[in-house]
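Quick notes on the structure that follows.
Every value quoted in this text rests on a predicted model; they were computed, and no experiment measured them. By convention here, the first residue in the shown sequence is residue 1.
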Amino acid sequence: MSRAKQGVMFETLSNRSPYIIEQLEIYNWGPFSGLHRADIDPQGSAIIGQTGSGKTTLVDAIMTLIAIRPLYNLASTGGHESDRDLISYIRGVSGEGNESGDNAHIARSGTTVTALSALFSNGKQQITLTALFWINGSSSSMSDLKRLWLFSRDAEYDITNWLTLHREGGSKAVKQFVREQSSTTIHESKTAYLAQLQRFFEVGKNAFSLLNRAAGLKQLNSIDELFRELVLEDKSAFKRATDVVTGFDDLKEIHQELEIARSQQQSLLPIDTEEQIRQRREQRVEKLIRLSHILPIWFATQGHHFWQCRQTVLIDQLTKCRMISAELMDNQQHQEREVEQYHRLYIEQGGGNIEQLEQQISQQQKIYRNSKFKADDYQRLTHALNLEPTLSRASLKLNQQQGKQLCTEKQQQLTTLEQQRDQEGGALFTSEARKKSLQTDLQEAKNNNHSNIPSLYLHFKQELSEALNLDADTVAYVAELVEVKTEEKIWRGAIERALG
């Protein structure tokens with residue numbers, strides 16, 4: 001069974017060109033998961049498909065964008081209300097609604113985002129209507145559903161841009177972006193959004209609701225004609241609209257017959273589906289059996305062909321390398337012969353003399369560097385002595401004379417400085433010797449910190465113990481056995497009192 005869905009066109013009360021829908025985009029809407037885009041020909045387009053293929057779903061997407069309370073599934077029920085609602089489309093519930101009890105077939109049960117967008121054009125200007133819906137978690141309550149409605153006069157921003165903004169920063173990022181774009185307005189309330197649409201298209205408050213009802217007419221030849229008669233022209237046409245709505249009752253019996261036929265068809269669909277599955281699986285099994293027989297031979301053939309090609313390539317490379325090697329050998333021999341020839345010509349043209357000249361040049365360069373060093377040293381010395389620094393014979397003789405006078409004048413001072421140097425050197429030597437002696441005494445005192453006897457007597461005790469074959473620790477001076485108080489100034493009196 002197939003059914004054609006007609007296009008949507010808005011024409012204002014003024015003489016402006018009518019706005020015609022040119023493109024519909026949906027993302028995660030009903031059975032359509034992911035992004036889907038439908039281009040609509042302004043001259044007329046038809047949506048054709050089997051029952052349940054999603055024709056009515058596309059019409060309901062448009063009605064969601066323009067109707068305050070869209071009546072879903074009217075195109076399939078023949079104008080009768082359905083139990084399908086907005087949540088069921090967002091969740092992707094299979095069947096006619098999210099209360100059908102078939103909750104096992106929910107396509108999007110967790111956190112999900114849905115977007116709808118329609119592009120309208122009058123040949124001069126394009127506008128875009130966009131709706132964003134999202135639910136955090138697995139709730140199916142309308143109170144948990146978040147919405148944003150966008151009206152844009154710039155067709156540059158399509159549904160992909162809004163989804164990207166929402167994914168990166170949520171509704172805050174979308175609002176921030178819209179605030180920077182003068183051609184786009186955003187609404188959290190659908191009432192305010194539809195009010196802007198009504199002002200823009202210059203239509204009555206119930207125009208979109210009547211269009212929603214007209215989507216369910218079975219014998220409707222022109223939605224444009226009905227929209228013009230029911231909304232845009234004289235208000236007395238509302239009586240005719242009431243008659244049309246009343247006429248829906250006459251279609252009830254036809255609708256019931258169609259429902260019976262559809263239920264019969266649906267009762268047979270599982271058998272057809274299972275048969276198709278069985279046939280596909282049988283074909284797959286046959287294909288796998290054929291492949292199991294073919295693949296070993298195919299792999300062997302491909303392997304043989306691969307290694308043949310590889311062998312051919314390697315043989316070609318080896319041949320080229322041998323040719324290059326032979327060419328390089330010939331080139332090397334040729335270069336060696338040229339070297340010998342040029343060396344012989346070099347010797348014949350006086351190459352030995354050239355080598356001698358090069359040696360002389362090298363020696364002269366050394367002499368020059370040595371002279372340059374001495375000259376620099378001479379100039380530093382003349383500068384320090386306030387003499388003439390010019391490098392000439394006259395200045396040299398003059399500097400020599402002045403140098404002799406300076407030597408005579410400075411001789412007495414030099415003698416005094418040498419004597420002072422000798423005295424200070426002797427004092428330094430004495431200080432160094434005294435320092436070494438004190439360091440030695442300090443180290444011996446640290447090593448013999450158990451005794452208060454000078455180190456000279458400790459050495460004597462050590463030698464005496466060794467001569468008597470006694471342990472040095474068992475031999476002690478009387479002074480080591482006596483502890484004198486700090487206030488005692490005379491050792492002799494202290495020793496006498498200690499001995500009685």
Side-chain angles (χ1 to χ4, degrees), residues 324-325 327-463 486:
I324 294 173
S325 177
E327 183 178 354
L328 292 175
M329 291 288 291
D330 295 340
N331 191 15
Q332 181 182 1
Q333 294 175 0
H334 177 69
Q335 295 295 332
E336 290 176 353
R337 287 193 296 271
E338 285 188 352
V339 169
E340 293 177 358
Q341 180 180 358
Y342 287 131
H343 186 265
R344 186 176 63 255
L345 292 174
Y346 171 75
I347 297 299
E348 292 176 355
Q349 297 296 328
N353 296 331
I354 294 175
E355 292 179 355
Q356 293 178 358
L357 292 175
E358 289 178 349
Q359 292 177 359
Q360 292 180 2
I361 291 172
S362 177
Q363 292 176 358
Q364 294 298 324
Q365 287 177 346
K366 291 180 181 179
I367 293 172
Y368 169 76
R369 286 194 295 271
N370 189 19
S371 300
K372 182 70 168 56
F373 174 77
K374 291 181 178 180
D376 293 340
D377 192 15
Y378 168 76
Q379 287 182 334
R380 285 194 298 272
L381 182 60
T382 56
H383 180 74
L385 297 175
N386 294 323
L387 300 178
E388 177 62 32
T390 306
L391 298 177
S392 63
R393 291 181 181 272
S395 62
L396 177 62
K397 290 182 180 180
L398 180 62
N399 289 337
Q400 287 176 347
Q401 295 175 359
Q402 293 179 356
K404 291 179 181 180
Q405 294 177 0
L406 288 174
C407 287
T408 303
E409 295 174 357
K410 299 294 182 179
Q411 185 64 38
Q412 184 63 35
Q413 184 178 359
L414 178 62
T415 302
T416 304
L417 291 176
E418 287 179 349
Q419 292 176 357
Q420 184 178 357
R421 181 198 62 189
D422 295 339
Q423 293 175 359
E424 292 180 354
L428 177 63
F429 179 78
T430 304
S431 299
E432 291 291 337
R434 178 63 178 167
K435 178 182 178 181
K436 290 181 180 179
S437 176
L438 292 175
Q439 288 178 345
T440 302
D441 294 342
L442 177 62
Q443 186 62 38
E444 290 180 354
K446 290 181 178 179
N447 295 335
N448 301 285
N449 56 5
H450 59 281
S451 175
N452 55 3
I453 299 301
S455 60
L456 177 65
Y457 299 103
L458 292 176
H459 289 312
F460 172 75
K461 184 182 75 170
Q462 182 69 26
E463 294 176 357
T486 56

Check for a donor-acceptor pair, side chain of Ser437 on one end and backbone N or O of Ala433 on the other, with a separation under 3.5 Å. no
Donor-acceptor pair, side chain of Thr390 and main chain of Ser395, under 3.5 angstrom: no
Working to the nearest 0.5 Å, report the span between CZ of Arg421 and CD of Gln419.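 That separation rounds to 10.5 Å.
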From CG (Asp330) to CD (Gln335), nearest 0.5 Å: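 One gets 11.5 Å once the value is rounded to the nearest 0.5 Å.
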Side chain to side chain donor-acceptor pair (under 3.5 Å) between His334 and Glu338, intermediate numbers included: CA-CA 6 Å; His334 177 69; Glu338 285 188 352; 2.8 Å; yes
Pairs where residues 361-374 contributes a residue and the test side-chain hydrogen bond (donor to acceptor under 3.5 Å, both in side chains) is met, not counting sequence neighbours: Lys372-Asp376
Please check if the number of heavy atoms outside Glu336 that lie under 6.0 Å from its CD is greater than 12. yes
With sequence neighbours left out, which residue pairs that include part of residues 422-439 fulfil the salt bridge (Lys or Arg N to Asp or Glu O under 4.0 Å) condition?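 The answer is none; no pair qualifies.
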Among all residues two or more places apart in sequence or in another chain, which pass the salt bridge (Lys or Arg N to Asp or Glu O under 4.0 Å) test with Arg380?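 Result, salt bridge (Lys or Arg N to Asp or Glu O under 4.0 Å) vs Arg380: Asp377.
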